[in-house]
Number of protein chains: 4
Amino acid sequence: MVEPNTLAGPIGDNSGENPAEHLTGDAVDRLRGIIERIERLEEERKALAGDIKDIFNEAKSAGFDVKAVREIIRLRKQEPGDVEEHRTLVDLYKRELGM
Amino acid sequence: MVEPNTLAGPIGDNSGENPAEHLTGDAVDRLRGIIERIERLEEERKALAGDIKDIFNEAKSAGFDVKAVREIIRLRKQEPGDVEEHRTLVDLYKRELGM
Amino acid sequence: MVEPNTLAGPIGDNSGENPAEHLTGDAVDRLRGIIERIERLEEERKALAGDIKDIFNEAKSAGFDVKAVREIIRLRKQEPGDVEEHRTLVDLYKRELGM
Amino acid sequence: MVEPNTLAGPIGDNSGENPAEHLTGDAVDRLRGIIERIERLEEERKALAGDIKDIFNEAKSAGFDVKAVREIIRLRKQEPGDVEEHRTLVDLYKRELGM
DNA sequence: CGGCCGTCTAAGGATC
DNA sequence: GATCCTTAGACGGCCG
């Protein structure tokens, strides 16, 4: 699945030498590319976080309780995924424990 | 700062009644809109997180040490001064403790 | 509240000199004590974590669904703390949103 | 691996019936015991966490940099070799990237 | 060996 | 302005 990497990472086969002394030029390019792509995506992530925050502020200005809104969103997120079997067991235990 | 909101949030002035019994229809619509917009943005966020993870996996497959790559990214996003100051203190403590 | 500390931390007033070059002997002792006490407590914590894990294993061997048991414990932990006002709002929003 | 448990877990052999309808009384007792023991241990864990926090606060009051102290503790609990290896890689990457 | 879950740290926001 | 709490990210251990 992973092609034998000849370029990236510390060049393993500099036998006997001080390990990890260099990367090939290609490896450096690859590394740089990886880092830059990640940084780019993280910027987008940050922008989205800002947008979300703005909406929460709007909610607050409109008089909603932000904390409660957050909880609603959390609930909506988890309930569908509640695999039935799990739910069933939790309910069974709750019932049997008198909760 | 917040204009008196007539629609959103528990209607405060149902004097004497059980508080927070209803929202106006408009408030419900507003709330729903807020929630849906946030959910939409969170999906995008999640997608980006997935993309980032993929790149880290690519890095790993290419033979890079993911943890070290993470640290590089972290360092690049910090004020060099801060890092240095922290490092200096850690080294001081280590030295004084004989580590 | 905080007595002026003359011993601990980088000695601030070595004016003009390279900052943070030394700690007083007393500060070193104090630091060492702090670290050792924390390490001791963390060990105890770890031991407890082990005990807890053992019990979960016992539960599993007895045929209980560990994940469900975890959720039960989580529920028992949070329900009492649900401040009423918050609960009320969440319920209001849920109702109004038809959840 | 798990001996057929006759008491705990959903009673599997109510053949054909709605599954997971009941636990035996013994199973309920067992479950309750498990939960209570875990809760007890978690309380102790929490107490220890509080103690640790107190010590960090003491450190802060004494003028130490808490973040640096944390790092010291982290370093002490790691294999020195690991730390070094990590450091070496980070430095290699930094160098190769011209940082 | 990879993914999942839980925990812990660090940052940001809310509160007083 | 300081502190506290809450949230998001990183990390390690566990399970499959």
Side-chain angles (χ1 to χ4, degrees), chain A residues 1-2 38-39 41-42 45-46 48-50 52-57 59-61 64-71 73-74 77-78 81 83 86, chain B residues 1-2 38 41-42 45-46 48-50 52-54 56-61 65-75 77-79 82-83 86 90, chain C residues 1-2 38 41-42 45-46 48-50 52-57 59-61 65-71 73-74 77-78 81 83 85-86, chain D residues 1-2 38 41-42 45-46 48-50 52-54 56-57 60-61 65-75 77-79 82-83 86:
Chain A
M1 185 117 334
V2 174
I38 290 171
E39 286 175 341
L41 292 171
E42 282 187 350
R45 251 172 92 73
K46 187 151 77 175
L48 285 174
I52 290 172
K53 183 186 306 187
D54 290 345
I55 299 179
F56 275 117
N57 271 102
K60 185 177 178 181
S61 298
F64 294 107
D65 181 283
V66 170
K67 191 169 174 183
V69 175
R70 270 183 207 281
E71 181 157 346
I73 292 171
R74 199 182 319 128
K77 183 180 315 180
Q78 76 194 18
V83 187
H86 176 66
Chain B
M1 184 121 330
V2 175
I38 289 172
L41 292 170
E42 281 187 349
R45 251 172 93 72
K46 187 151 76 175
L48 284 174
I52 291 173
K53 183 185 301 188
D54 289 345
F56 274 117
N57 270 103
E58 174 190 332
K60 186 176 178 180
S61 298
D65 181 283
V66 170
K67 190 169 174 183
V69 174
R70 269 184 206 282
E71 180 157 348
I72 294 293
I73 292 171
R74 200 182 318 130
L75 292 174
K77 98 172 61 161
Q78 282 170 12
E79 293 302 317
D82 294 353
V83 180
H86 175 67
V90 172
Chain C
M1 185 119 330
V2 174
I38 289 172
L41 292 170
E42 282 187 348
R45 254 172 91 72
K46 186 151 77 175
L48 285 174
I52 291 172
K53 182 186 308 185
D54 290 345
I55 300 179
F56 274 118
N57 271 103
K60 185 176 179 180
S61 298
D65 181 283
V66 170
K67 190 169 174 184
V69 174
R70 269 184 208 282
E71 180 157 346
I73 292 172
R74 198 182 319 128
K77 183 179 314 181
Q78 76 192 18
V83 186
E85 191 184 359
H86 175 65
Chain D
M1 187 120 332
V2 174
I38 289 172
L41 292 171
E42 282 187 350
R45 248 170 94 73
K46 186 152 76 176
L48 286 174
I52 290 173
K53 182 185 302 189
D54 290 346
F56 274 117
N57 270 102
K60 184 176 179 181
S61 299
D65 180 283
V66 170
K67 190 171 172 181
V69 175
R70 270 184 205 281
E71 180 158 347
I72 293 292
I73 291 171
R74 199 181 320 130
L75 292 174
K77 99 173 59 162
Q78 282 169 13
E79 294 302 319
D82 293 354
V83 180
H86 175 68

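Note that the coordinates shown come from a computational prediction; the quantities given were computed from them, not determined experimentally.
We find the NZ-NZ distance between Lys53(C) and Lys60(C) to be 11.5 Å, quoted to the nearest 0.5 Å. The CD1 atom of Ile38(C) sits 8.0 Å away from the CZ atom of Arg70(D) when rounded to the nearest 0.5 Å.
A straight line from CG of Asp65(A) to C1' of dG13(E) spans 14 Å, rounded to a whole angstrom. The NE2-P distance, from His86(B) to dA11(E), rounds to 10 Å in whole Å. In this entry the distance linking CG of Leu48(C) with C1' of dT7(E) reads 15 Å, nearest Å. Note: CZ (Arg45(A)) to P (dT7(F)) measures 16 Å, nearest angstrom. Separating the CD1 atom of Ile73(B) from the P atom of dA10(E) is a distance of 19 Å, rounded to the nearest angstrom. One atom, NZ of Lys46(A), and another, C1' of dG9(F), lie 14 Å apart when rounded to the nearest Å.
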Q: Sugar-phosphate means primed atoms, P, OP1 and OP2; the rest is base. With that split, encode nucleotides 10-16 of chain F 5' to 3' as B, S or - using protein heavy atoms under 4.0 Å.
A: SSSSS-S
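Counting heavy atoms from C-beta outward, Asp82(D) and His86(D) have side chains that stay 4.5 Å or more apart. Contact check for Glu85(C) versus Asp65(A): no side-chain heavy atoms found under the 4.5 Å cut-off.
Contact between Leu48(D) and Arg45(C) at its shortest, heavy atoms only, is CD1-N, 3.5 Å. A pairwise comparison of heavy atoms in Val90(B) and Ile72(D) identifies O-CD1, 3.6 Å as the closest pair.
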